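Everything quoted here is computed from the prediction, not taken from an experiment.
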Amino acid sequence: MITTTIRVALGPRERQVLEGLAAGDTLMQVARDLGISYGTAQSYRKVAKEKLFGVSEAVAAVAAGYAANAISRPPLLSVDAPRVSASQRLLIPLIARGMTSAQMATEVRRPVDDVRADALDLRETVGARNTCHLITLLWQHQLVTADEVTRWLK
């Protein structure tokens, strides 16, 4: 396995906002916890996404943030990975890229309702509160890896 290391430096608030999202908090909760306005939190998120290779979605920023060591990586879990179906496993890298259900459906050539159901089932299976939190939990189970994220960032 070839490991490519990429590094991105985020400012302290940019990092804190992304880490809050990665923990499963909403942007409003993150802003409240940091004692900043919602608009300010949005600005920090926007700058972080720009620094993290110009990704357009927060979920992709979390994945890229982990891969680039820009945010604190969660500890890897030694327990067995959650049981995910083959169709759900195909969606994992697409979710990590921030694709919508419609985009994923086109990519995997499946009906959008089926893709949406699989993505929701995946979130429920791993106990994720939202899609950013899903990336954190998948990272911990090594179902999303730095090498994989680095490949699609290039």
| query | How close do His133 and Ala23 get, heavy atom to heavy atom, and via which atoms? | reply | CD2-O, 3.4 Å

| task | Step by step, work out the side chain to side chain contact (heavy atoms under 4.5 Å, CB included) result for Lys46 and Ser43. | result | CA-CA 5 Å; Lys46 179 182 178 187; Ser43 296; 5.6 Å; no

| field | Within one Ile-Leu-Val-Met-Phe-Trp-Tyr cluster: Met99 and Val108, side-chain cutoff 4.5 Å | value | yes

| Of all heavy-atom pairs between Trp139 and Ala146, which one has the smallest distance, and what is that distance? | CH2-N, 3.4 Å

| What's the spacing between Ser85 OG and Leu122 CG if we round to 0.5 Å? | 8.0 Å

| message | Assess, by modelled atom type and distance only, whether the side chains of Ser37 and Thr40 contain a donor and an acceptor separated by less than 3.5 Å. | response | yes

| request: Any chance you could lay out the side chain to side chain contact (heavy atoms under 4.5 Å, CB included) test for Leu21 and Asn130, step after step, and finish with the verdict? | output: CA-CA 9 Å; Leu21 295 173; Asn130 56 41; over 6 Å; no

| task | Show your working on side chain to side chain contact (heavy atoms under 4.5 Å, CB included) between Leu77 and Leu137 and close with a plain yes or no. | result | CA-CA 9 Å; Leu77 301 177; Leu137 298 175; over 6 Å; no

| said: Donor-acceptor check, side chain of Asp25 to backbone of Val30, threshold 3.5 angstrom: yes or no? | reply: no

| request: First locate atom CG of Asp113, then atom OG of Ser101, and finally report the distance between them rounded to the nearest 0.5 Å. | output: 9.0 Å

| side chain to side chain contact (heavy atoms under 4.5 Å, CB included) assessment of Leu138 paired with His141 | CA-CA 5 Å; Leu138 294 174; His141 288 290; 5.8 Å; no

| Pairwise side-chain contact, Gln42 with Leu27, heavy-atom cut-off 4.5 Å (strictly under) | yes

| field | Shortest non-hydrogen contact from Ser56 toward Lys49 | value | O-NZ, 3.1 Å

| Minimal non-hydrogen separation, Ala119 against Leu91, with atom names | N-CD1, 3.9 Å

| Residues in ring pair (Phe, Tyr, Trp, His ring centres under 6.0 Å) contact with Tyr44, at least two apart in sequence or another chain | none

| Would a 4.5 Å heavy-atom cut-off, applied to side chains only, mark Gln88 and Asp121 as touching? | yes

| said: Is there a path of hydrophobic side-chain contacts, each under 4.5 Å between heavy atoms, that joins Ile71 and Val47? | reply: no

| query | To the nearest 0.5 Å, what is the distance between CG (Leu134) and CD (Glu124)? | reply | 11.5 Å

| query | Ignoring hydrogens and geometry, is there a side-chain-to-backbone donor-acceptor pair from Arg123 to Arg129 under 3.5 Å? | reply | yes

| note | CH2 of Trp152 to OG1 of Thr150, rounded to nearest 0.5 Å, is 9.0 Å

| Counting only N and O atoms by type, is there a donor-acceptor contact under 3.5 Å from the side chain of Lys51 to the main-chain atoms of Leu10? | no

| note | Rounded to the nearest 0.5 Å, the CZ atom of Arg116 sits from the OG1 atom of Thr100 at a distance of 8.5 Å

| query | Side chains of Val62 and Thr131: closer than 4.5 Å at any heavy-atom pair? | reply | no

| Shortest non-hydrogen contact from Val59 toward Gly98 | CG1-CA, 3.3 Å

| request: Would you kindly say whether Gln29 and Arg32 are connected by a side-chain donor-acceptor distance under 3.5 Å? | output: no

| Smallest separation among heavy atoms of Arg73 and Ala67, with atom names | NH2-O, 3.2 Å

| Are any non-hydrogen side-chain atoms of Arg110 and Asp118 less than 4.5 angstrom apart? | yes

| Would you say Met104 and Val112 are hydrophobically clustered, going by side-chain heavy atoms of ILVMFWY under 4.5 Å? | no

| said: Among residues at least two apart in sequence or on other chains, which ones pass side-chain hydrogen bond (donor to acceptor under 3.5 Å, both in side chains) with Glu57? | reply: none

| request: Answer yes if the side chains of Tyr66 and Ser72 hold a donor-acceptor pair under 3.5 Å, and no otherwise. | output: no

| Same hydrophobic cluster for Leu120 and Val126, using side-chain heavy-atom links shorter than 4.5 Å among ILVMFWY? | no

| request: Can you measure from OG1 (Thr136) to CD (Glu19) and round to the nearest 0.5 angstrom? | output: 9.5 Å

